[in-house]
2 protein chains.
Amino acid sequence: IIRTEKLTKVYDSGYRTVALQQVDLQIPKGSLSCIMGPSGHGKSTLLHLIGGLDRPSSGKVFLDDVELTAVTADRLTEIRARKLGFVFQFFNLLPVLTALENVQVAMMLAGISKREQEERAAELLKLVGLEDKLRARPNQLSGGQRQRVAIARALANDPEILLMDEPSGNLDSRSEAELLEQIGKVNAQGKTVVIVTHSEKVAEMAQQIIYIRDGQLVLGKEIKEQ
Amino acid sequence: IIRTEKLTKVYDSGYRTVALQQVDLQIPKGSLSCIMGPSGHGKSTLLHLIGGLDRPSSGKVFLDDVELTAVTADRLTEIRARKLGFVFQFFNLLPVLTALENVQVAMMLAGISKREQEERAAELLKLVGLEDKLRARPNQLSGGQRQRVAIARALANDPEILLMDEPSGNLDSRSEAELLEQIGKVNAQGKTVVIVTHSEKVAEMAQQIIYIRDGQLVLGKEIKEQ
Ligand SMILES: Nc1ncnc2c1ncn2[C@@H]1O[C@H](COP(=O)(O)OP(=O)(O)OP(=O)(O)O)[C@@H](O)[C@H]1O
Ligand SMILES: Nc1ncnc2c1ncn2[C@@H]1O[C@H](COP(=O)(O)OP(=O)(O)OP(=O)(O)O)[C@@H](O)[C@H]1O
Ligand SMILES: [Mg+2]
Ligand SMILES: [Mg+2]
């Protein structure tokens, strides 16, 4: 279970922007939630705070009763490595590594043998349709292929919680359907999934829609008016 | 009008991939075309070759009867600066420049005064809903905001031909609808528009759908079978 209390993020690097204000939400264990809302209104910011990749200006984030906003940086790194898989909106692949190596990197802290890492990475890349591209580097891959490497990497350490920022933004409808099938399986195994998305197809799978406008949580009935 | 003859692109940097083979197509002046097809099958490659941003392995590209594949690099740069606006799949914004400056850069070769550049850039950014972000740098912008800066930049030199690689991949449905409205207006002014897209909404506006699978042009009736 993921929980936030009065989560607030203000950027002030010469340009003051209130990206998130007073967000209170609950994500039950094993659920599939979608974060939706207009461009620039705080969705990626929220996902990064939930995943402990960034610190809020004020407010708290709880992951399985551990207050992420109160632990040390080392403890945070260890929790993320063990429990979280993150797909970034722009992938953040390492340009000098191959697709296979990019996926293996996510398994480094988990005590898996190098041989087993390679096998598992190859398996995951096959799952997302990239078996012919194992040794390709990101600049030799199409936009959607890079996105799929990022997805494979997020699944690599078999995380309890999968956080995905617009995972099908660069995928055609068939690749998106295949991805949704994979996500459905992962969720059926009991994993908690949170997806930022603009896609109606992805939203159809959600048990909960978290709607963010102007950095604030918008409740059910207000969405219909927009 | 844009025309290609037996357009072929093979990548061979240690990983041989036939990205495009023998593509023959025609894009009438003032039309709106969409390039669609599965992820990794050659759409971005095709758009880059049409826009003279890359050279084919064999075959020809004609832009208004000028053979892009035969002219000098300087002439190609001049044609692109005068006639083309390009939106990249991953934007290619300059990280050290603000949103305003990124849009102004596209006007540098067109002999427009600096003052006029600033006014026009501000106008275009306002058009895509970014009037509050003129002095923000790309790393201070959300994914969809960066995409919109890239779109404003492509419109900056008032190009005859607008080439866009998945321009709404990071936009919510409302921002996408606003973008489509803008594209409709640009097309109504007589500009030729070619859009790589996975979006059905964008495809609905097209007079021609160019379907690419496995690097080859797929004709109308074959699409329905997939
Ligand atoms: N520099 C390169 N070296 C080797 N192969 C490459 C290179 N660039 C692209 N490719 C390959 O060319 C093929 C076509 O890529 P392209 O980017 O045109 O696909 P796309 O249709 O735009 O895909 P997407 O919808 O995912 O963006 C892919 O298989 C890709 O791996
Ligand atoms: N480092 C930063 N400095 C200043 N402002 C920032 C910074 N990062 C993000 N912002 C601002 O915070 C707001 C929310 O950004 P965020 O990336 O969360 O939006 P988003 O909902 O994910 O948008 P999109 O759908 O376009 O990806 C935006 O107005 C953005 O300009
Ligand atoms: Mg975002
Ligand atoms: Mg592409």
Side-chain angles (χ1 to χ4, degrees), chain A residues 11-17 19 36-45 88-91 98-99 128-130 132-149 165-166 168-176 178-179 196-201 203 211-213 215 226, chain B residues 11-17 19 35-45 88-91 98-99 128-130 132-148 165-166 168-176 178-179 196-201 203 211-213 215 226:
Chain A
Y11 290 105
D12 219 341
S13 48
Y15 224 93
R16 193 168 193 282
T17 306
M36 304 187 80
S39 166
H41 283 234
K43 306 180 298 296
S44 295
T45 301
F88 294 89
Q89 191 165 358
F90 297 110
F91 327 143
T98 64
V128 293
L130 293 176
D132 303 327
K133 297 290 182 181
L134 302 185
R135 314 219 177 274
R137 292 195 165 72
N139 68 353
Q140 296 172 320
L141 296 174
S142 78
Q145 289 169 339
R146 289 176 212 173
Q147 190 155 38
R148 285 181 272 156
V149 175
D165 200 345
E166 305 203 27
S168 62
N170 289 283
L171 300 181
D172 55 284
S173 52
R174 183 159 170 195
S175 301
E176 181 180 51
E178 287 168 13
L179 171 64
V196 172
T197 188
H198 292 310
S199 163
E200 289 300 326
K201 293 213 188 73
Y211 199 88
I212 301 290
R213 185 187 294 138
Q226 61 109 10
Chain B
Y11 290 105
D12 220 342
S13 45
Y15 223 92
R16 193 170 194 280
T17 307
I35 299 173
M36 305 187 81
S39 165
H41 284 233
K43 305 179 298 297
S44 294
T45 300
F88 295 88
Q89 191 165 359
F90 297 109
F91 327 145
T98 63
V128 293
L130 293 175
D132 303 327
K133 297 287 183 183
L134 301 184
R135 314 217 178 276
R137 289 193 167 72
N139 67 353
Q140 295 172 320
L141 296 175
S142 78
Q145 289 170 338
R146 289 176 212 173
Q147 190 154 38
R148 285 181 273 156
D165 200 345
E166 304 203 28
S168 61
N170 290 283
L171 301 181
D172 54 284
S173 52
R174 185 160 169 193
S175 301
E176 181 180 50
E178 287 168 13
L179 170 64
V196 172
T197 188
H198 292 310
S199 163
E200 289 301 326
K201 291 212 190 71
Y211 198 88
I212 301 291
R213 185 186 294 139
Q226 59 111 12

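Quick caveat, the model's predicted, so the values are computed rather than measured.
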Participant: Tell me, side chain or backbone of Arg148(B) under 4.5 Å from chain A's heavy atoms, or both, or neither?
Facilitator: side chain

Participant: Show the nearest heavy-atom pair for residues Asp172(B) and Gly37(A), with the distance to one decimal.
Facilitator: CB-O, 3.8 Å

Participant: Going by side-chain hydrogen bond (donor to acceptor under 3.5 Å, both in side chains), name the residues that satisfy it together with Ser44(A), two or more places apart in sequence or in a different chain.
Facilitator: Gln89(A), Asp165(A)

Participant: Is chain B contacted by the side chain of Lys133(A), its backbone, both, or neither, given a heavy-atom distance below 4.5 Å?
Facilitator: both

Participant: Which one, Asp132(A), Leu141(A), Thr197(A), Thr45(A), leads in non-hydrogen pairs under 4.5 Å with chain B?
Facilitator: Asp132(A)

Participant: How far does NE2 of His41(A) sit from CD of Gln145(B), to the nearest 0.5 angstrom?
Facilitator: 8.0 Å

Participant: Which atoms of Thr17(B) are under 4.5 Å from chain A, going by heavy atoms: the side chain, the backbone, both sets, or neither?
Facilitator: side chain

Participant: Which bit of Tyr11(B) comes within less than 4.5 Å of chain A, counting heavy atoms only: side chain, backbone, both or neither?
Facilitator: neither

Participant: Could you have a look at Ala19(B), Gly143(B), Ser175(B), Gly144(B) and say which one has the most heavy-atom pairs with chain A under 4.5 angstrom?
Facilitator: Gly143(B)

Participant: Which region of Phe88(A), side chain (C-beta onward) or backbone (N, CA, C, O), has a non-hydrogen atom less than 4.5 Å from a non-hydrogen atom of chain B, or is it both or neither?
Facilitator: neither

Participant: Nearest 0.5 angstrom please: Ser199(B) OG to His198(A) NE2, how far?
Facilitator: 12.0 Å

Participant: Give, for atom CD of Gln147(B) and atom OG of Ser39(A), the distance between the pair rounded to the nearest 0.5 Å.
Facilitator: 8.0 Å

Participant: I need the residue from Ser142(B), Gly129(B), Ser168(B) with the largest number of non-hydrogen atom pairs under 4.5 Å to chain A.
Facilitator: Ser142(B)

